[in-house]
Amino acid sequence: SNKAGPPSLALKGKKMVFLGSGKMAEAMMGGMLNSGAVEATQVTACDPNATRRTFLSDRFHISATANNADAAKGADILILAVKPQTMASVFDGIRDTISKECLVVSIAAGFTIGQIREGLGVERVVRAMPNTPALINQSITSWTFTPEVTTEQRRQAKEFLSTFGEEVLLSDERMLDMATALSGSGPAMCQLMFEAMIDAGVHMGFPRDTSRKLTLHTVRGSVNLALASGEHPSVLKNDITSPGGTTAAALYELERGGMRTVISDAVWAAYRRSRELG
Ligand code: NAD
C-alpha cells in the first residue's frame, strides 16, 4: 500500500462523480476506496455501458448511472475519465447542470485546461496525468490547477491523486505535456524493453517463463536499488562494470545501437504528439 499515515479529512463527505468508468476510473476508484479517504456512498460511476455499471456497483458498492447530467448536478468533484475524443459530447450533456463551485479533474490525454474551461464553462479545473501502474496503486500522477481552484480544493485534489499512487504538482501545463510523454507513455516504452530482454533470453535458450522471471525481477530490483540508494544511475552502472567484463561488452553494444538517442527521440516524439493533440 502507498499509505504512509492516516488519511486526512479533505475528501470527507465530498460527492465524487466519475464521468467515464473504464479502466483508469476503476483504478482510481479502487485506490480511493481502499485508502479509506472516501466511503462508497460518496462515489458515483457514470457510463453508457451497462456491463461496466453493473460490474463497478457490484465490485465497489457505489452507485452507477448512465445519466451524466443528473450525476454531475450534485458533484463536489467531477472526474473526467472518458477518451479525449468523447470529451466534447460529454461537455454538451453536463454544461447546464454542473455547479460553478465544482472541482473538475480531467485525466484525458492532450486535452487542455483551456478546452475544458471553454467547453464546460467552469473555472476550477485540475488537469492530471496518471499512468497505468495506477491499476496496482503505483501511478506517478502529474497535475496542475487553475488559479480559481481554492486552497481547500487543492488539498482535495492532492489527497484524491495520492490514493492510487504518488502525485507531483507541476507549475504549468506545458510540463503536463512533458509528463504525458515521459510518465504517461513511459510504461509502454518500458514494456518494449522488457520484451526485448525476454526475447533475447529465449534466443539464448531459456524457456520463456524463466526468461520473463529473470528479466522482470532484474528490472524491479534495479528500480528499487536506484530508489533506495538515491544514487545517479550512471554510478550504479559503473559499479557493476568491471574492466574487460561481460557488462562492459553489453553496454558497448547498447551505445553502438544508439540506445540513449533512440530513447530521447522517442520521448520527444511523444511530447510533440501530445502538443498536437491538445
Ligand atoms: P476506457 O475506454 O477504459 O474508459 C472510457 C469509458 O468511457 C468507457 O467505459 C466508455 O464506455 C465510457 N464512455 C464513453 N462515452 C461516454 C459518455 N458519453 N459519458 C460517460 N462515459 C462514456 O479508457 P481509459 O483507458 O480508462 O482512459 C480514460 C482516459 O484516461 C482517456 O482520456 C485517457 O487519455 C486517459 N489516460 C489514460 C491513461 C492510460 O494509461 N490508459 C493514462 C493517463 C490518462
Side-chain angles (χ1 to χ4, degrees), residues 18-28 31 47-49 78-92 104-120 122 125-146 149 157 160-161 164-199 216 219 223 226 233 254-278:
F18 288 80
L19 291 194
S21 301
K23 189 162 44 88
M24 287 305 282
E26 182 181 340
M28 294 189 281
D47 207 290
N49 181 334
L78 185 73
I79 299 115
L80 299 171
V82 294
K83 293 286 184 195
Q85 59 271 24
T86 319
M87 290 278 273
S89 71
V90 167
F91 288 170
D92 289 340
V104 176
V105 179
S106 167
I107 63 157
F111 219 87
T112 66
I113 287 177
Q115 289 172 305
I116 296 163
R117 271 182 187 277
E118 200 172 313
L120 264 184
V122 293
V125 180
V126 162
R127 187 179 156 197
M129 179 45 58
N131 64 6
T132 46
L135 297 168
I136 53 162
N137 272 8
Q138 290 184 27
S139 179
I140 181 75
T141 306
S142 299
W143 62 292
T144 189
F145 57 85
T146 57
V149 171
F160 165 58
L161 299 174
F164 49 90
E166 296 199 23
E167 47 77 33
V168 175
L169 179 60
L170 299 178
S171 55
D172 67 65
E173 208 174 359
R174 195 174 145 266
M175 288 201 184
L176 222 80
D177 290 319
M178 289 159 49
T180 303
L182 195 60
S183 53
S185 302
M189 295 191 277
C190 291
Q191 297 296 343
L192 184 66
M193 191 190 82
F194 307 161
E195 186 185 7
M197 288 176 70
I198 293 166
D199 285 349
L216 295 185
V219 171
V223 168
L254 289 176
E255 296 289 14
R256 197 166 67 94
M259 188 185 187
R260 286 174 203 253
T261 45
V262 166
I263 289 174
S264 178
D265 287 347
V267 172
W268 272 96
Y271 175 53
R272 280 192 298 271
R273 188 72 190 123
S274 153
R275 305 271 287 173
E276 278 166 22
L277 293 175

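Predicted model, so just to flag it, every value in this text is computed and none were measured.
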Which heavy atom of [X] sits nearest a heavy atom of [Y], and at what distance?
X	Y	answer
Asn137	Gly31	OD1-CA, 3.4 Å
Asn131	Ile140	OD1-N, 3.2 Å
Ala25	Ser21	CB-CA, 3.5 Å
Gly22	Asp47	N-OD2, 4.0 Å
Thr112	Arg127	CA-NH1, 4.0 Å
Asp177	Ser274	OD1-OG, 2.9 Å

Rounded distance [0.5 Å steps], [atom1] in [X] versus [atom2] in [Y]:
X	Y	atom1	atom2	answer
Met28	Lys23	CE	NZ	11.0 Å
Glu173	Thr146	CD	OG1	10.0 Å
Thr86	Leu19	OG1	CG	11.5 Å
Leu176	Met178	CG	CE	10.0 Å
Phe111	Leu80	CZ	CG	9.0 Å
Glu166	Thr141	CD	OG1	9.5 Å

Can you confirm whether Phe160 sits close enough to Ile79 that some side-chain heavy atom of one is under 4.5 Å from a side-chain heavy atom of the other?
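In short, these two side chains touch, coming nearer than 4.5 Å.
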Solution key, residues 183-194 side-chain donor-acceptor pairs under 3.5 Å, sequence neighbours excluded:
| from | atom 1 | to | atom 2 | distance (Å) |
| --- | --- | --- | --- | --- |
| Ser183 | OG | Ala179 | O | 2.9 |
| Ser185 | OG | Thr180 | O | 3.4 |

Could you walk me through whether Met175 and Thr144 satisfy the side chain to side chain contact (heavy atoms under 4.5 Å, CB included) test, starting with their C-alpha distance in whole Å, then the side-chain angles of each, then the deciding distance to 0.1 Å, before giving a yes or no?
CA-CA 9 Å; Met175 288 201 184; Thr144 189; over 6 Å; no
Starting from the C-alpha separation in whole Å, work towards a yes-or-no answer on side chain to side chain contact (heavy atoms under 4.5 Å, CB included) for Phe91 and Ile116.
CA-CA 8 Å; Phe91 288 170; Ile116 296 163; 4.1 Å; yes
So Arg174 and Tyr271, side chain to side chain contact (heavy atoms under 4.5 Å, CB included) or not? Walk me through it.
CA-CA 10 Å; Arg174 195 174 145 266; Tyr271 175 53; 3.3 Å; yes
What I want to find out is whether Arg273 reaches Glu276 closely enough, with some N-O distance under 4.0 Å, to be called a salt bridge.
yes
Check Arg272 with Asp265, please: is the shortest side-chain N to carboxylate O separation under 4.0 Å?
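Salt bridge absent between Asp265 and Arg272.
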What class does the angle between the rings of Phe145 and Trp143 fall in, given that below 30° is parallel, 30 to 60° is tilted and above 60° is perpendicular?
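Phe145 and Trp143: tilted rings.
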